[in-house]
**Q** 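Shown below is the structure under consideration.
Proteins come first, then strands; the chains are lettered A, B, ... in the order of their sequence lines, and each starts at number 1. Hydrogens, waters and symmetry mates play no part in the numbers below; they use all other heavy atoms, side chains included.
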Amino acid sequence: MSAFVEPSDPATGGRARRLALPVFHPDFMANAHTATHDELLHAAIENSVVKKDYVRREVLAELPDADGLRTVAGAIKRHTLDNLDFYLRQLEGNVIKAGGQVHFAATAEEANAIIIAIAKRTGSKLVVKSKSMVSEETLLNDALIEAGIEPVETDLGELIVQVGHDHPSHLVLPIIHLRRKEIGKVLCTFLNVPYTEDPPTLAEYARVYLRNRFNQADMGISGVNFAIAETGSIVMCTNEGNGRMCTTRPRVHVALMGMEKVIPRLADLPVFLKLLARSATGQPLTQYTNIVTGPRRAGELDGPEEFHLVILDNGRTRILGSRYRDTLRCIRCGACLNACPVYRKVGGHSYGSVYPGPIGALLTPLFNGLGGHKHLPHASSLCGACYEACPVKINIPEMLIELKEDMAKAHITPWWERAVFKLWTLALSRSFTYGLSQKMQQIGLRMLPASEGFIKRLPPPATGWTSVRDFPRPPKESFRTLYKNRQMSKK
Amino acid sequence: MRIALFVACYNDTLFPETGIAVTQVLERLGHTVTFPMEQTCCGQMHYNTGFHREAVPIVRRFVQTFRDAEAVCVPSSSCVSMMREHYEMIAEASNDAAFLAEVRSLLPRIHEFSELLVNRLGVEDVGATFAHRVAYHASCHSVRVLHLGDVPIRLLRAVRGLELVEIPDREQCCGFGGTFAIKYPDISEAIVRDKVGCAAATQAEVLIVNDAGCAMNIAGACHRHKAAIRVRHLAELLASAIGNKGEGGR
């Protein structure tokens, strides 16, 4: 559980602060440095993530008005967030009407405690899980194990993460950072079968293992892609069918969701279904889309005896009340990761926490505070590819800039950087100072060694530039000097 | 038309040839080009780095300088993006109604250089000749904020003798991002290396850009990695007339 806790800080009276999102690899600069030199990682990303982005654009272009659909999706989310209390109450009422139970959890610890209590009460010792990023957020598996309950991930990628004691590096494709050989080794060692790296064989081994576990499990825990307030239903989209297995076979079904996952009506669902798989993997729909409303009814042959919906806050209310509330629109499709030139070069683990990529660069500091994540808002070229890819039109670049403003105001941005920009404003506010600073730049830069019009090494604080590329040498005369001379010679 | 040129601070100091080329093209088309000397910068570096308060005097100065211009030509897609995305917001936050009114009045008169030619002046053929193999890099701002579409391509297609080649992954960022390139050189370099590779794959002699940020970054990377391609601003290409082969650039 140490991932949750920041070291004790004298400024807070020596008490250690619990972080909302667990942080696994906190040193962004070191992570990024390693990852940007990792050719194998880049090849893996090229084959998966980059391809998915390309296919996303192709399949969206097949829709008559993909941009219009995204606007509608964003509007539905905005409306829902503006009335979140109403829709959560409506959702609760309808889940109960359908025979289910609803639990509101203010913190990650509470959510875990609620689920463990349900397990204990129902005598559940073996839990099968379908993919849930929120359960990664709460470190649910660790809590279950500590309570003597065995969780088994049934999404193949998440299973490999679990048995390899690893962390997912993508919202939707958890193991793109692993090579085939590594996957083979991890899975075959765990399953105690002869080594192979052949995907169909590995899948068959996993299938047999998981089928066994599905049959034995007492409880199934699922994530929630969408929760429909009007009907009290939860929606799960999977490609492996494990969502359906986890939530029908065992006696108890617990669905864990972030509170922002609710949508108002069944009629709103198609908007999101049309966008989710297309944005995530370039499929028109995932192989399985399951809409689950309550437990088994009297007279029904299948289904769990109990259905529980655990609705998690863990800081979302605070974000809702801030200027970053649009981040709560996120449907966790991963399109922004796939489109991001930075993600493609540093990979998911570099971002440090459970949510990587552009949306993670916002969520991690928003949940945990800016102090421990001061690189995330800055490590972006603000190219806007994420905003263009987002099915619910979250203006990620704008919010990254706003986080940077928060950092400057809170003096998290170093004092010398603030000083440089203040001086620079002075220089740009007056013709005299502008002219002077331009002259100084020209003289200073032209003194540096250069070849073929390029400077090889810039002085601090700009040395980072020339550590990797050359800098164009300023000519002797600026444009304004040339213009002035031309005007004078005309007269 | 009297067109006021906002050359952009990095063109002023590093790429004066861009300003010269813009002036030549517009004068060749029969317009008068003025250069208000009070101009400095659009404020995007400050704004994008989170120094919003400190950006305000820079923005005010821009608005003051150009408030009476019939049209403003800006050979920099990132500067125009800054103006369209943030100037109104900044003026609103200042609680200065006069400032806001001036911004609102000025914004429709501001054009990026290729936009000005094609959309405002209705010109695609500016009488240029450039008999070389050329590829075009679309800056992120021109694609995603200004939505220039194929405006620069139409200008390039009208250049006599020019062979235009499609660059693979044209809309992928070049990795400049302002202070990003200095603060996160590893990541920036990994991104620009891809761009240089894509440019080299076209076997073009010249890579055309419409933003000095991209130009600085890609040209610097090409030179460091000894890639043969030259980087030039769109305006320089369009200024190449018959008799002037328009060599040079970096």
**Q** Below 4.5 Å from any heavy atom of chain A, which atoms of F35(B) appear? Answer side chain, backbone, both or neither.
**A** both
**Q** To the nearest 0.5 Å, what is the distance between CZ on F176(B) and CH2 on W465(A)?
**A** 5.0 Å
**Q** Is any side-chain heavy atom of S431(A) closer than 4.5 Å to one of R61(B)?
**A** yes
**Q** Select one option (side chain, backbone, both, neither) describing which atoms of T18(B) are under 4.5 Å from chain A's heavy atoms.
**A** neither
**Q** Check Y483(A) against V33(B) and note the closest heavy-atom contact, atom names and distance.
**A** OH-O, 3.5 Å
**Q** Write out all pairs satisfying side chain to side chain donor-acceptor pair (under 3.5 Å) with one or both partners inside residues 25-35 of chain A, taking only residues at least two apart or from two chains.
**A**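 Pairs touching residues 25-35 of chain A that pass the test: H33(A)-D186(B).
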**Q** Between S139(B) and chain A, which part of the residue has a heavy atom less than 4.5 Å away: side chain, backbone, both or neither?
**A** neither
**Q** Between atom CD of Q441(A) and atom CG of D12(B), what is the distance when rounded to the nearest 0.5 Å?
**A** 9.5 Å
**Q** Please flag which part of P397(A) lies under 4.5 Å from any non-hydrogen atom of chain B: side chain, backbone, both or neither.
**A** neither
**Q** Test: side chain to side chain donor-acceptor pair (under 3.5 Å). Region: residues 35-59 of chain B. Which pairs qualify, not counting sequence neighbours?
**A** E405(A)-H52(B), K422(A)-E54(B), T425(A)-H46(B), Q44(B)-S78(B)
**Q** What part of E398(A) gets closer than 4.5 Å to chain B, counting heavy atoms only: side chain, backbone, both or neither?
**A**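 The answer is the side chain of E398(A).
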**Q** Counting only non-hydrogen atoms closer than 4.5 Å, does S350(A) touch chain B with its backbone (N, CA, C, O), its side chain (CB onward), both, or neither?
**A** neither
**Q** In Å and rounded to the nearest 0.5 Å, what is the NZ to CZ distance from K345(A) to R193(B)?
**A** 7.0 Å
**Q** Got a sec: does the CE of M440(A) have more than 12 other heavy atoms crowding it under 6.0 Å?
**A** no
**Q** Do other residues, nucleotides or ligands put more than 12 heavy atoms under 6.0 Å from the NZ atom of K456(A)?
**A**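 Yes.
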**Q** Taking side chain as C-beta onward, heavy atoms only, is C9(B) less than 4.5 Å from Y434(A)?
**A**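 Contact flag for C9(B)/Y434(A) side chains = yes.
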**Q** Would you give the length of the straight line joining atom CZ of F471(A) to atom CZ of R224(B), rounded to the nearest 0.5 angstrom?
**A**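 One finds 12.5 Å between CZ of F471(A) and CZ of R224(B).
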**Q** Taking CZ in R457(A) as the centre, count heavy atoms belonging to other residues, nucleotides or ligands within less than 6.0 Å. Is the count above 12?
**A**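 Open: at most 12 neighbouring heavy atoms sit under 6.0 Å from CZ of R457(A).
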**Q** How many angstroms lie between CD1 in I401(A) and CD in E85(B), if you round to the nearest 0.5 Å?
**A**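 If I round to the nearest 0.5 Å, the distance is 7.5 Å.
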**Q** Is it the case that atom CZ in R430(A) sees more than 12 heavy atoms from other parts of the structure closer than 6.0 Å?
**A**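 For R430(A), atom CZ is not crowded (no more than 12 foreign heavy atoms under 6.0 Å).
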**Q** Answer with side chain, backbone, both or neither: which region of F432(A) has an atom nearer than 4.5 Å to a non-hydrogen atom of chain B?
**A**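 Neither; nothing under 4.5 Å.
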**Q** How long is the straight-line distance from CZ of F421(A) back to OG1 of T179(B), given to the nearest 0.5 Å?
**A** 5.5 Å
**Q** Hey, are R344(A) and D194(B) close enough for a salt bridge, meaning a charged N less than 4.0 Å from a carboxylate O?
**A** no
**Q** How close do F51(B) and A408(A) get, counting heavy atoms only, and between which atoms?
**A**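 Looking at all heavy atoms of both residues, the closest pair is CE2-CB, 3.9 Å.
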**Q** Select one option (side chain, backbone, both, neither) describing which atoms of S451(A) are under 4.5 Å from chain B's heavy atoms.
**A** both
